> 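Take a look at this one; I'll ask things after.
When a ligand or atom number is given, it counts from 1 through the structure's own listing order. Just so we're clear, the structure is a prediction, and the values are computed from it rather than from any experiment. Hydrogens, waters and symmetry mates are skipped; everything else that's a heavy atom, side chains included, is used.
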Amino acid sequence: MPVEAFNKFESRDLLAEALSDRIAELLDLDFASGAFASIALSGGSTPKGVLDRLGSKLGANREMIYFAMVDERNVPPDDDRSNEKMIRNHLGLQQHPSSEFLSLYVDKQDAAGAAEIAHEKLLADEELPFDVVTLGMGTDGHTASFFPGGDNLKAATDPGTQKLFMPMLAPGAEEPRITLTLPPIATAKNLFLHIEGDQKLAVFEEALKDGPADDMPIRHILRHPDVKLQVYWAG
Ligand code: 6PG
């Protein structure tokens with residue numbers, strides 16, 4: 001089963017407490033071995049409560065973490081649509097050395113150029129597989145920037161692609177995106193999906209049914225043979 005556990009919570013606060021505890025615990029296991037732990041975080045609005053709590057739980061250990069992002073909107077990091085801005089603000093990482101935070105926005109680069117630079121950087125940094133990857137989901141069934149109708153959806157969800165990041169243009173995305181491809185997400189040691197509300201629960205249940213994966217691209221994750229997904233949901 002691709003869904004290893006479906007964790008339901010009475011409230012979004014309880015979910016945020018539990019998920020931030022779990023992520024901090026997993027990253028701690030790596031500190032114990034003296035290695036850098038690595039995490040790729042999703043943006044959007046849902047993760048804010050988890051990131052607020054995670055930031056304080058990591059404490060000084062944050063210096064031993066390699067932070068990456070699952071996807072980014074191709075906007076400068078001071079733009080309110082920037083996932084990097086949201087993640088840094090909520091984790092309390094404004095001062096974190098840039099070498100340990102893999103930015104996906106590159107000044108004067110389009111999404112294709114930025115994706116290529118991020119691919120090379122992540123390869124060189126040798127932080128794969130990620131210890132933790134967190135995913136969100138849109139009500140159109142997208143996850144990461146695997147959007148229905150995305151121009152690079154086929155390529156980015158090809159389980160055999162050698163690319164770690166790709167650009168994505170899609171009708172449902174406001175701006176060009178840069179996204180992790182399927183392999184670095186599917187090979188994460190711990191993969192979490194964090195969704196909230198009845199509407200997203202219904203979309204997720206629909207995604208578990210048969211039907212074209214490209215119509216609800218989260219199915220590319222759900223149908224990957226190596227994926228063991230931990231779902232966290234609150235109404
Ligand atoms: C982004 C994402 C994206 C997100 C979903 C859910 O940049 O938007 O990383 O994949 O996880 O769109 O977003 P919400 O949490 O805002 O509903």
> Give me the nearest non-hydrogen protein atom to atom 8 (O) of ligand 1 as residue plus atom name, then the distance to 0.1 Å.
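Nearest neighbour among protein heavy atoms for atom 8 (O) of ligand 1, to 0.1 Å: Arg73 NH2, 2.8 Å.
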
> Using a 4.5 Å cut-off on heavy atoms from C-beta on, say whether the side chain of Asn7 contacts that of Val231.
no

> Give the atom numbers and elements of ligand 1 that come within less than 4.0 Å of a heavy atom of Asp71.
1 (C), 2 (C), 3 (C), 7 (O), 9 (O), 10 (O)

> Do Val70 and Val75 sit in one hydrophobic cluster, given that two such residues count as connected whenever their side-chain heavy atoms are within less than 4.5 Å of each other, even indirectly?
no

> Give the numbers and elements of all ligand 1 atoms closer than 4.0 Å to a heavy atom of Gly136.
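Those qualifying, in numeric order: 11 (O).
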
> Decide whether an N or O pair under 3.5 Å exists between Gly43 and ligand 1.
yes

> Please check: side-chain N/O of Asn190 versus main-chain N/O of Val132, any donor-acceptor pairing under 3.5 Å?
no

> Stepwise, does the side-chain hydrogen bond (donor to acceptor under 3.5 Å, both in side chains) test hold for Glu84 with Ser103?
CA-CA 7 Å; Glu84 176 170 348; Ser103 298; 2.9 Å; yes

> Please check: side-chain N/O of Ser82 versus main-chain N/O of Asp78, any donor-acceptor pairing under 3.5 Å?
no

> Okay, side chain of Arg12, backbone of Gly235: is any donor-acceptor separation there less than 3.5 Å?
yes

> On a heavy-atom basis, I'd like to know which of His142, Met69, Glu196, Lys48 is closest to atom 5 (C) of ligand 1.
His142

> Got the closest protein heavy atom to atom 13 (O) of ligand 1, with its distance?
Gly44 CA, 4.0 Å

> Just to confirm my output: which protein heavy-atom neighbour is closest to atom 16 (O) of ligand 1, and how far is it?
Ser45 N, 2.8 Å

> Once you restrict to heavy atoms under 4.0 Å, what part of Lys200 touches ligand 1? Side chain, backbone, both or neither.
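Side chain only.
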
> Tell me whether the centres of the aromatic rings in Phe147 and His142 are closer together than 6.0 Å.
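Yes.
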
> Near Arg177, which atoms of ligand 1 are under 4.0 Å from a heavy atom of that residue?
1 (C), 7 (O), 8 (O)

> Starting from the C-alpha separation in whole Å, work towards a yes-or-no answer on side-chain hydrogen bond (donor to acceptor under 3.5 Å, both in side chains) for Ser20 and Lys57.
CA-CA 8 Å; Ser20 57; Lys57 287 173 188 173; 2.7 Å; yes

> Tell me: protein heavy atom nearest atom 15 (O) of ligand 1, and distance?
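Protein heavy atom with the smallest distance to atom 15 (O) of ligand 1: Thr46 OG1, 2.4 Å.
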
> Do me a favour and list the nearest non-hydrogen protein atom to atom 6 (C) of ligand 1 with residue, atom name and distance?
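Sorting protein heavy atoms by distance from atom 6 (C) of ligand 1 puts Met137 O, 3.5 Å first.
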
> For ligand 1, indicate whether the residue Asn83 contacts it via side chain, backbone, both or neither (heavy-atom separation under 4.0 Å).
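Answer for Asn83: side chain.
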
> Near Ala144, which atoms of ligand 1 are under 4.0 Å from a heavy atom of that residue?
3 (C), 10 (O)

> Ligand 1 versus Ser145, non-hydrogen atoms closer than 4.0 Å: side chain, backbone, both, neither?
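No part of Ser145 is near ligand 1 at this cut-off.
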
